[in-house]
There are 2 protein chains.
Amino acid sequence: MHHGVAIGRVSEMSGVKVPTIRYYEQIGLLPPAPRTEGGRRTYGSGDLERITFIRHSRELGFEIDEIKTLLDLQDTPNRSCAEADSIARSHLAEVKKKISSLTALQNELERMVEGCAHGRVETCRVIESLADHGQCRYHGEL
Amino acid sequence: MHHGVAIGRVSEMSGVKVPTIRYYEQIGLLPPAPRTEGGRRTYGSGDLERITFIRHSRELGFEIDEIKTLLDLQDTPNRSCAEADSIARSHLAEVKKKISSLTALQNELERMVEGCAHGRVETCRVIESLADHGQCRYHGEL
DNA sequence: CTTGCTCCTCTAGTCGCTAGAGAAAGTAGG
DNA sequence: CCTACTTTCTCTAGCGACTAGAGGAGCAAG
């Protein structure tokens, strides 16, 4: 009978690297995979789904702890999804903050490189901007 | 005579925490500060400028290695600022990429929370979106 | 049977700090 | 001068989310 696929195959299919999958198992994000006689991990389609879920969540910038909660929710579907909603919402708020912060940063950097006359460092706008916080329009975080 | 101010004072003035300043010295981003008889670090106005430069650069998202290069440039002003310009430019490119990636992410998250009917997890749009990468419009990195 | 690939465990390193322990130095008040 | 308090010192270890490497074993094809 065929029990499942090897870790390398799951890695290919999910796009998550082999050591990362093992790491996820180690920190309890994945259940311990059943092993072959020789001691190798085997995975089924449920595992692939779970790993894909994790990957997608990571790509979207969720932290491991948040993903743990999300996975717990997924495992017990007969519950209100208010928690998942609130996690996503607060994450969205963070993303919005990050975007506005980065946009301000972008403007500042553009000002810097536009002002550079490509001469000596002495008169370089880039260096100057970095040295003098006062003239900077960017005062965000991140 | 007065040699300079203490680390706590510099920390206040620069907005960089005390252990972080010591850390910067440790990794060679700051020169070893001269010490008092009792062995405490003392700083002058040049140091304050340098630390402020570092802080500003970090706020703008430059990495320590980039800041090292930038500081080296600043120390030898009689040189072309092409390098500083190129660092800033490539950093700007990264920031732009990040912004567009995060904007796509924002849209995806908005789709997720808007679709949530606040019912059971079974039918939760948020969980569903995360489980199924196929229906996701977001395929960026970060 | 041998070659070459995948897989195993384990430890240590990455980045940019941050936290804590325990001791010594400096400062203000009595 | 003594005490109490604050600041600073060094040192080690921890964070998150991996990544890299050593050294060894399993396994499939020729």
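Computed from a predicted model, the values in this text were never measured in an experiment. First the proteins, then the strands, lettered A, B, ... as listed; each starts at 1.
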Between [options], which nucleotide gets closest to the side-chain atoms of [X]?
| X | options | result |
| --- | --- | --- |
| A/Arg35 | C/dT18, C/dC7, C/dT9 | C/dT9 |
| A/Lys17 | D/dT19, D/dT8, C/dT9 | D/dT19 |
| B/Arg40 | D/dC9, D/dC18, C/dC17 | D/dC9 |
| A/Arg58 | C/dC8, D/dA17, C/dG26 | D/dA17 |
| B/Val18 | D/dT8, D/dC18, C/dC8 | D/dT8 |

Could you state the [atom1]-[atom2] distance from [X] to [N], rounded to the nearest angstrom?
| X | N | atom1 | atom2 | value |
| --- | --- | --- | --- | --- |
| A/Glu37 | C/dC7 | CD | C1' | 16 Å |
| B/Glu25 | D/dT8 | CD | C1' | 13 Å |
| A/Tyr23 | C/dC8 | OH | P | 18 Å |
| A/Ile27 | D/dC15 | CD1 | P | 12 Å |
| B/Arg9 | C/dG26 | CZ | P | 19 Å |
| A/Arg22 | D/dG21 | CZ | C1' | 12 Å |
| A/Glu63 | D/dC15 | CD | C1' | 12 Å |
| A/Ile64 | D/dC18 | CD1 | C1' | 9 Å |

Next on the checklist: Would you say B/Tyr24 places a side-chain N or O within less than 4.0 Å of OP1 or OP2 belonging to C/dC17?
Outcome noted: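 Indeed, a polar side-chain atom of B/Tyr24 lies that close.
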Checklist entry - Counting only side-chain N and O atoms of B/Thr36, is one of them less than 4.0 Å from OP1 or OP2 of C/dG26? => result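 Result: yes.
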Checklist entry - Is B/Asp72 salt-bridged to B/Lys68, going by a charged N under 4.0 Å from an acidic O? => result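 Salt bridge absent between B/Asp72 and B/Lys68.
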Checklist entry - So, does the side chain of B/Arg41 form a donor-acceptor pair with the base of D/dT8 at under 3.5 Å? => result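 Side chain to base: no pair below 3.5 Å.
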Next on the checklist: Evaluate A/Arg111 against A/Glu108 for salt bridge (Lys or Arg N to Asp or Glu O under 4.0 Å), listing each step before the verdict.
Outcome noted: CA-CA 5 Å; A/Arg111 248 176 23 94; A/Glu108 175 66 9; 3.1 Å; yes
Next on the checklist: Strictly distance-based, threshold 3.5 Å: is any side-chain N or O of B/Glu66 a donor or acceptor partner for the main-chain N or O of B/Glu63?
Outcome noted: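 Indeed, once roles are kept as given, a pair shorter than 3.5 Å links the two residues.
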Checklist entry - Would you say A/Ser57's side chain and A/Phe53's backbone share a donor-acceptor pair under 3.5 angstrom? => result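 The answer is yes, because a donor-acceptor pair under 3.5 Å joins these two groups.
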Item to check | Over 12 non-hydrogen atoms of neighbours within 6.0 angstrom of CZ in A/Arg9 | outcome: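 Atom CZ in A/Arg9 is not crowded, with 12 or fewer foreign heavy atoms closer than 6.0 Å.
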